[in-house]
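Following: one structure in structure tokens, then a few remarks.
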Amino acid sequence: MQERPYVISIAGFDPSGGAGLLSDSKTFEQSKVMGLGVCTALTLQTASKCLSLEWRPIDEVTEAIQVMMESYPVSAVKIGIVKDAEFMGKIVETVQKGNPDVKIVWDPVLKSTSEFTFFDLETLPQLKSTVNKLSLITPNYNEYSVLKENHLLPDTNQCSLLIKGGHRKDHLGTDILVESEKETLLVPAEGSTTYFPKHGSGCVLSSAITAELAKGESMETACRTGKRYIEKFLKSNPSLLGTHS
């Protein structure tokens, strides 16, 4: 039996299990990779609201990343909520010190759907030096606009960009993958019209893509497979907490 590749989710803890580490872990298991986790923040939230947030000290976060990278052959990493640009920069630096060839996917969660702000937006300009060190960023349509306004979109020859279409008013559900300046439209599967809004759907999509990249898939194939995964997840039931199968 082939050994599963190792991936790390560096993200927040959500006790509802819908987003963050628990959600990524469920996705990794279904995607047949070995999921490891490093906690960036402790949150108290339900599927519909975020009540509190406590950031973990960056030194503890980077130490945990270092231990995981030294102990396991990690081939891909997914980053979720981070406090600010410095926090993000140190995480990426530690990951790349552990394995310079590691694939890094960042789901830039700037605000939750319930309008709880996670990222310190005043530090956005300092992200410039970090963005092009990544493999892929997966902003939703609103986050894409914020990054664009702040001139923080990656050079797609270095870091691919997946603009998620879940918040679009026009082509709802159509994602745009930009690689080496080439745009590929990822349209919803035929007959996929019944979706139920889900807490943590961005976490699920980005971790599904990360799992595929860890398995050696190309960026486009990984994004297409991730899209099929999230479509199934969004149809899983009418509640805000989806199930993985």
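Just so we're clear, the structure is a prediction, and the values are computed from it rather than from any experiment.
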### Message
With side chain to side chain contact (heavy atoms under 4.5 Å, CB included) as the criterion, how do Met69 and Ile8 come out once you've worked through the C-alpha distance, each side chain's angles and the decisive distance to 0.1 Å?
### Response
CA-CA 9 Å; Met69 301 286 296; Ile8 308 180; 3.9 Å; yes
#### Entry: Common cluster, Met34/Val67, ILVMFWY with side-chain heavy-atom separation under 4.5 Å
yes
### Message
Rounded to the nearest 0.5 Å, what separates atom CZ in Phe118 from atom CH2 in Trp55?
### Response
7.0 Å
### Task
State plainly whether one hydrophobic cluster holds both Val105 and Val204, where clusters connect Ile, Leu, Val, Met, Phe, Trp and Tyr through side-chain heavy atoms under 4.5 angstrom apart.
yes
### Query
So with a 6.0 Å cut-off around CD of Glu86, is the heavy-atom count from everything else above 12?
no
### Query
Rounded to the nearest 0.5 Å, how far does CD1 of Ile81 lie from CD1 of Ile10?
12.5 Å
### Message
For residues Met68 and Phe13: do they belong to one hydrophobic cluster (side chain heavy atoms under 4.5 Å, members Ile, Leu, Val, Met, Phe, Trp, Tyr)?
### Response
no
### Message
I'd like to know if the side chain of Thr40 reaches the main chain of Ala11, judged simply by a donor and an acceptor atom lying under 3.5 Å from each other, with no hydrogens or angles considered.
### Response
yes
#### Entry: Ile137 with Val178, same ILVMFWY side-chain cluster at under 4.5 Å
yes
### Task
Might you work through the side chain to side chain donor-acceptor pair (under 3.5 Å) test for Asp107 and Thr138, ending with a clear yes or no?
CA-CA 5 Å; Asp107 183 25; Thr138 60; 3.1 Å; yes
### Summary
So CZ of Arg4 and OG of Ser31: to nearest 0.5 Å the spacing works out to 9.0 Å
### Task
Could you walk me through whether Ile79 and Ile91 pass side chain to side chain contact (heavy atoms under 4.5 Å, CB included), step by step?
CA-CA 9 Å; Ile79 301 174; Ile91 286 172; 3.8 Å; yes
### Message
Tell me whether the count of non-hydrogen atoms from other residues, nucleotides or ligands lying under 6.0 Å of NZ in Lys215 goes above 12.
### Response
yes
### Task
Output yes when Lys83 and Asp120 qualify as a salt bridge under the 4.0 Å nitrogen-oxygen rule, no when they do not.
no
### Task
Ignoring hydrogens and angles, tell me if any N or O in the side chain of Lys198 forms a donor-acceptor pair with the backbone of Ser239 under 3.5 Å.
yes
### Message
Please enumerate all residues that pass ring pair (Phe, Tyr, Trp, His ring centres under 6.0 Å) together with Tyr72, with sequence neighbours excluded.
### Response
Tyr6
### Task
For residues Glu231 and Pro188, determine if any side-chain heavy atom of one lies less than 4.5 Å from a side-chain heavy atom of the other.
yes
#### Entry: Side-chain donor or acceptor of Lys232 paired with backbone N/O of Ser245 under 3.5 Å
yes
#### Entry: Any Glu179 side-chain heavy atom under 4.5 Å of Asn157 side chain
no
### Task
Identify whether the distance between the nearest side-chain nitrogen and carboxylate oxygen of Lys90 and Asp84 falls below 4.0 Å.
no
### Rounded distance (nearest 0.5 Å) linking atom OG of Ser75 with atom CG of Asp101
10.5 Å
### Query
Counting N and O atoms only, with roles assigned by atom type, does the side chain of Ser236 sit under 3.5 Å from a partner on the main chain of Thr243, one being a donor and the other an acceptor?
yes
### Query
Taking only residues two or more places apart in sequence or in another chain, which ones pass salt bridge (Lys or Arg N to Asp or Glu O under 4.0 Å) with Glu220?
Arg224
#### Entry: Electrostatic pair Glu29:Lys26 at N-O distance under 4.0 angstrom
no
### Query
Is there a side-chain contact between Phe28 and Ser207, using heavy atoms and a 4.5 Å cut-off?
yes
### Query
Below 4.5 Å, heavy atoms only, C-beta onward: do Val74 and Val102 meet side chain to side chain?
yes
### Query
Any sub-3.5 Å donor-acceptor pair from Thr123's side-chain atoms to Ala85's backbone N or O?
yes
### Query
Is there side-chain contact between Thr225 and Tyr229, with heavy atoms separated by less than 4.5 Å?
no
### Task
Would you mind reporting whether Gln96 and Ile104 have side-chain heavy atoms less than 4.5 Å apart?
yes
### Message
For the CD atom on Glu63, are there more than 12 heavy atoms of other groups (residues, nucleotides or ligands in this structure) within a distance under 6.0 Å?
### Response
no
For residues 147-154, which side-chain donor-acceptor pairs fall under 3.5 Å, sequence neighbours excluded?
residue, atom, partner, partner atom, Å
Asn150, ND2, Val146, O, 2.8

### Message
Any heavy-atom pair between the side chains of Trp106 and Ser206 that's under 4.5 Å?
### Response
no
### Task
Would you sort out whether Ser16 and Leu241 count as a side chain to side chain contact (heavy atoms under 4.5 Å, CB included), showing the intermediate values?
CA-CA 8 Å; Ser16 80; Leu241 289 175; 4.0 Å; yes
### Query
Asn140 and Asn142: side chain to side chain donor-acceptor pair (under 3.5 Å), yes or no, with the steps?
CA-CA 6 Å; Asn140 65 31; Asn142 303 337; 4.5 Å; no
### Query
Any side-chain heavy atom of Leu213 within less than 4.5 Å of one from Met219?
yes
